[in-house]
2 protein chains.
Amino acid sequence: MNLDSPDTPRAIAAAETPRRARGRPRKTADERDDGNRRQELINGAARLFRQQGFAATSTRDIAAAVGMRSGSPFYHFESKEALLGAVMLEGMQGALLRQHAALALLPPDASARERLRVLVRNHFDALLGPDSDFIPVMLYEWRSLEATQRSEVNRLKDRYEADWVPVLAALHAQGQLGSDPVLARLMIFGALNWSAQWYAPPSGRSAKSRARASLDDLTTSALQLFLKEPA
Amino acid sequence: MNLDSPDTPRAIAAAETPRRARGRPRKTADERDDGNRRQELINGAARLFRQQGFAATSTRDIAAAVGMRSGSPFYHFESKEALLGAVMLEGMQGALLRQHAALALLPPDASARERLRVLVRNHFDALLGPDSDFIPVMLYEWRSLEATQRSEVNRLKDRYEADWVPVLAALHAQGQLGSDPVLARLMIFGALNWSAQWYAPPSGRSAKSRARASLDDLTTSALQLFLKEPA
DNA sequence: CCTACCGATCGGTAGG
DNA sequence: CCTACCGATCGGTAGG
């Protein structure tokens, strides 16, 4: 009943309490401390799933991307679908965490417009920023996820979207949002999510700061498009 | 040099002048008149590609969907990718035709707002209306298309989008569009295209008229969201 | 358009 | 985590 027994549904159990390899028994001193091989698989899978799609990516591709042999990913994950679920779960957990952190930095009296700006900016970062493969995979490979994992990811997605509802409702009440909040949320998410299909980060070396500036510009333009003039 | 020679690049040639099986020589009287078997393959492939994705759909699935044996689709198409290209080409040709027809019905002095309404309404129809598998396949399976076909479809896509540019520019000049026209077009297309992921047509029998009404409602809401109050 | 088939690749496993 | 392997499925073809 420990992490080394080979046939327990390790992937699912670990997915529920991820990241912390609590109490994992080291066998020998020269064994590499590789709770992070699992993480490497998730990262590599996210990148390949985004570039090629889930069905077009073989588990051999993923293994090769992290320097493993073809069968080894199945030591860490029950199935290819479980790996997809881990990618999406990790993406949503990170995005939700960053969204909460960004909202917490706002002054308590921040306007709805300012709150929406923070939400949109954070969402662009999840879609287009560094390490932004996870959320696009979640958005565009949803149908490949199995039903059991789907509901798990959906719980996080619901919490993520729940933060938007009062902001949009307030903007609608102020007359700054021209459509009912439910439909507005769907359309705004669509407009933002679509950027994953056309946005190319500014080229050139050390483009990090310029890319960030660009995401700020995108945020400004999006707000100008969606909101009426402030009162 | 006719349609029966087995190894000519028939799919590509036919894709450029499709639909009309001009001068196809009938062999015998009891041979079924099946220029439309090719069309059936395109329709079936569009439906399956949309539901399951291109990579997750086998050519055997498609053959079975139209009552063929596994090898027979390759009598009509060089490859699975060529079939995908035909789906996208057909989708764009139809959408472009309907867009031109809808614009032609407008009075010459129609406002930019009215023009945008027609464009958005037609686009919703391509995404969500009857026989609306082609455009979503084009939008969401773009990366699976081969480079040669990609440019062919792109030519149609460019013409489709070109109709939007002056309308959005006029709205921007009137102060009704809060963002520059280029970015506005990308965001608006995103908002509309995303509806393919969440829109479920009204249920119940003979829901046709209700579904159409719903697309009208969607159009109205979209315009309210994107445009400032009319002068 | 069908029959019959091929080589390649795939997800996954046993056993260490 | 590797070695060695399996059955299934895939896109595609020859020949009629």
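To find a chain, count down the sequence lines: A is the first, B the second, and so on, and within it residues start at 1.
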Measure the distance from CG on L41(B) to P on dG12(D) and round it to the nearest whole Å. 14 Å

Taking the six-membered ring for Trp, are Y140(A) and Y140(B) parallel (under 30°), tilted (30 to 60°) or perpendicular (over 60°)? tilted

Contact class for S72(B) (heavy atom, under 4.0 Å): base, sugar-phosphate, or nothing? base

Can you tell if the side chain of H76(B) reaches within under 4.5 Å of the side chain of M68(B), non-hydrogen atoms only? yes

Which nucleotide in the list dC2(C), dG11(D), dG11(C) gets nearest to the side chain of M68(B)? dC2(C)

No-hydrogen, no-angle side-chain donor-acceptor test under 3.5 Å, N154(A) and S151(A): no

How many Å lie between CZ on F74(A) and P on dC10(C), as a whole number? 11 Å

Rounded to the Å, how far apart are R37(B) CZ and dC1(C) C1'? 9 Å

Please round to the nearest 0.5 Å and tell me the distance separating atom CG of D125(A) and atom CD of Q99(A). 12.0 Å

Please state how far atom CD in E146(A) lies from atom P in dG11(C), giving the value in whole angstrom units. 14 Å

Measure from the side-chain heavy atoms of K80(A) and tell me the nearest of dG11(C), dG11(D), dC1(D). dG11(C)

Using atom CG of L83(B) as one end and atom P of dG12(D) as the other, report the distance to the nearest whole Å. 10 Å

Out of dC1(D), dC1(C), dG11(D), which has the shortest distance to the side chain of Y75(B)? dC1(C)

So, is R60(B) near the phosphate of dT9(D), with a side-chain N or O under 4.0 Å from OP1 or OP2? no

Using heavy atoms to find the nearest nucleotide of DNA chain C for R69(B) and S58(A) separately, return the residue whose nucleotide is more 5′. R69(B)

Atom pair CD (E40(B)) and CZ (R37(B)), whose distance is rounded to the nearest 0.5 Å: 4.5 Å

Give me the stems containing DNA chain C, sorted by first residue, counting only three or more consecutive Watson-Crick or G-U pairs with both distances under 3.5 Å; say none if there aren't any. C:1-16 with D:1-16

Tell me which nucleotide among dC1(D), dA4(C), dG12(C) gets nearest to the side chain of S70(A). dG12(C)

Give the nucleotide from the list dG12(C), dC1(D), dG12(D) with an atom nearest to the side chain of E81(A). dG12(C)

Integer-rounded Å distance: dC10(D) C1' and I62(B) CD1: 12 Å

Assess the pair F189(A) and W198(B): is the distance between their ring centroids shorter than 6.0 Å? no

Nearest whole angstrom, please: distance from the P of dC10(D) to the CD of Q52(B). 10 Å

Rounding to a whole Å, what distance do you find between F77(A):CZ and dC1(D):P? 11 Å

Picking from V87(A), I62(A), V137(A), what satisfies side-chain contact (heavy atoms from CB on, under 4.5 Å) with L48(A)? I62(A)

